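Just so we're clear, the structure is a prediction, and the values are computed from it rather than from any experiment. Throughout, protein chains are lettered first and strands after them, A, B, ... in sequence-line order, and every chain is numbered starting at 1.
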Number of protein chains: 2
Amino acid sequence: MLNDPIYEDELEKLEEARNCFITEIAKNMHLYNITASTGRLYGTVFFAEKPMTLDEMSEALGMSKTSMSTGIRSLLDADMVERVWEKGIRKDLYKTEDDWYKSFSNVFIKRWRNATKLNVEAIEETKVQLRRLKEESPYEGIREKAEADLDKLAKAEEYYAWLTDVVNLFETGEIFNIVPKRKGDK
Amino acid sequence: MLNDPIYEDELEKLEEARNCFITEIAKNMHLYNITASTGRLYGTVFFAEKPMTLDEMSEALGMSKTSMSTGIRSLLDADMVERVWEKGIRKDLYKTEDDWYKSFSNVFIKRWRNATKLNVEAIEETKVQLRRLKEESPYEGIREKAEADLDKLAKAEEYYAWLTDVVNLFETGEIFNIVPKRKGDK
DNA sequence: TTTTACGTACAGTTTTTTCTGAACAAACTT
DNA sequence: AAGTTTGTTCAGAAAAAACTGTACGTAAAA
């Protein structure tokens, strides 16, 4: 069977079918801050019948093992892939996380919570400086500008408070009460 | 006042305060698929007392007008900036969208809806090919693989159906019933 | 109409990111 | 202990992206 040209042909068709999905998903992977190459890696592991080693990935994609190593790490960070253990196998094995809801939520939470935190901190620091100007500047023009800026930042803070609430919706899993997971329905 | 060194100094302090926020927001702008440079552009327009022209932006940031043009376009695409019209002014004027809830929602909707659409289309196409293999391949191994892949894709479809629901939550504005906008509270 | 002002397309340059192979360190095998 | 195997670090090469200045088309002004 391994040298059966018709079987090879069928296998080729299978690859082609898979490739259709892999190519598309790789293109949209940048939404998770993941490069297209790493997206293809994800797709490859996704369709694999069993967990893959770095060497197998390297072979499958025709890319260096180094790239597989860094790519897998990105995917691990994004909780899109996990390491599995198999008896008697020395190499690291990886499979895709099958709970896509979880992957999405994790990425969503991680990214927005972090961004919110940093931005709110920056707002606080900026406010300190602006308040000083507003209260102490000898120039009315400066005081007015500082006040106007403070108003703008206050609005921004409201928004970040809301965004934090939204992130919490995903973190607590409450989102699944509001938008239930689909099971088998179209 | 224009040549008053103390006033200049105060203005400098104002710039510095603003810069603190601008720098941070620019760093996190990549979450909206926007470069750090364009992020700084956003910050500059955000703090400006009145709508800015491309030339003013170029002057303020020390970058080419071409870059301002393309940067502003990215921001327009993301609904983070809008063009405004002022009587007697020939140049295009831009201000930041003050409804950040809207900006966030728009970006969120646009990006995820688009990604979902493309991925679902790819899944459909892949399914067609896999079904053919599953039904017509003379090799049991191939038929089994095709079936396994179809199962995986079915799970992916469920996820995308859910994601579409989530996106709709933002598109219809229903998210604001669940997570109300903050007004003035901390 | 001619002139001027304005925004953008495009090609080339600079900067940043991605990718690779060699060298290394840790852990397993013998 | 010596010798493999395996994943990762690192410096340099290759690829991609960002940025700039020139040139051009369009529309307002003269």
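Backbone-only contact: Ser37(A) has heavy atoms under 4.0 Å from sugar-phosphate atoms and none from a base.
When ring centroids are compared, Trp112(B) and Tyr160(B) stay outside the 6.0 Å threshold. A ring-centre distance under 6.0 Å is found for Trp162(B) and Phe176(A).
Cation-pi check for Lys181(A) over Tyr101(A) is met; the charged atom lies under 6.0 angstrom from the ring centroid and within 45 degrees of its normal.
Under 4.0 angstrom from either OP1 or OP2 of dT8(C) there lies at least one side-chain N or O belonging to Ser69(B).
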Contacts under 3.5 Å, N or O only, protein and nucleotides 10-17 of chain D:
none

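When distances run from any side-chain atom of Asp55(A) to the nucleotides dG7(D), dC19(C), dG21(D), the shortest one goes to dG7(D). Listed nucleotides dT20(C), dC6(C), dT6(D) differ in distance to Lys65(A); the shortest reach to its side chain belongs to dT6(D). With dG7(D), dC19(C), dG7(C) as the choices, the nucleotide that has an atom nearest any side-chain atom of Met63(A) turns out to be dC19(C).
Put simply, CD1 on Ile89(A) is 14 Å from C1' on dT6(D), counting in whole angstrom units. The CD1-C1' distance, from Ile72(B) to dG7(C), rounds to 12 Å in whole Å. Taking atom CG on Leu76(B) and atom P on dT8(C), their separation rounds to 9 Å, with Å as the unit. Between the CE atom of Met29(B) and the P atom of dA18(D) there is a distance of 15 Å, rounded to whole Å. Atom pair Arg83(B):CZ and dT8(C):C1' shows a separation of 13 Å (rounding to whole Å applied). Arg73(B) has its CZ atom 15 Å from the C1' atom of dC19(D), to the nearest Å. In this entry the distance linking CE of Met68(B) with C1' of dG21(D) reads 14 Å, nearest Å. Rounded to whole angstrom, the span from the NE2 atom of His30(B) across to the P atom of dT16(C) amounts to 16 Å.
Positionally, the nearest nucleotide of DNA chain C for Leu93(B) lies more toward the 5' end than for the other of Ser67(A) and Leu93(B).
For a distance-only test at 3.5 Å, the side chain of Arg90(A) qualifies as a donor-acceptor partner of the base of dT5(D).
Comment: Glu157(B) engages Lys127(B) in a salt bridge, judged by a side-chain N to carboxylate O separation of less than 4.0 angstrom. A salt bridge links Glu10(B) to Lys13(B): at least one charged side-chain nitrogen sits closer than 4.0 Å to a carboxylate oxygen.
Under the 30°/60° scheme for interplanar angles, the aromatic rings of Phe108(B) and Phe108(A) are found to stand perpendicular.
No hydrogens or angles considered: a donor-acceptor pair under 3.5 Å links the side chains of Asn168(B) and Arg113(B).
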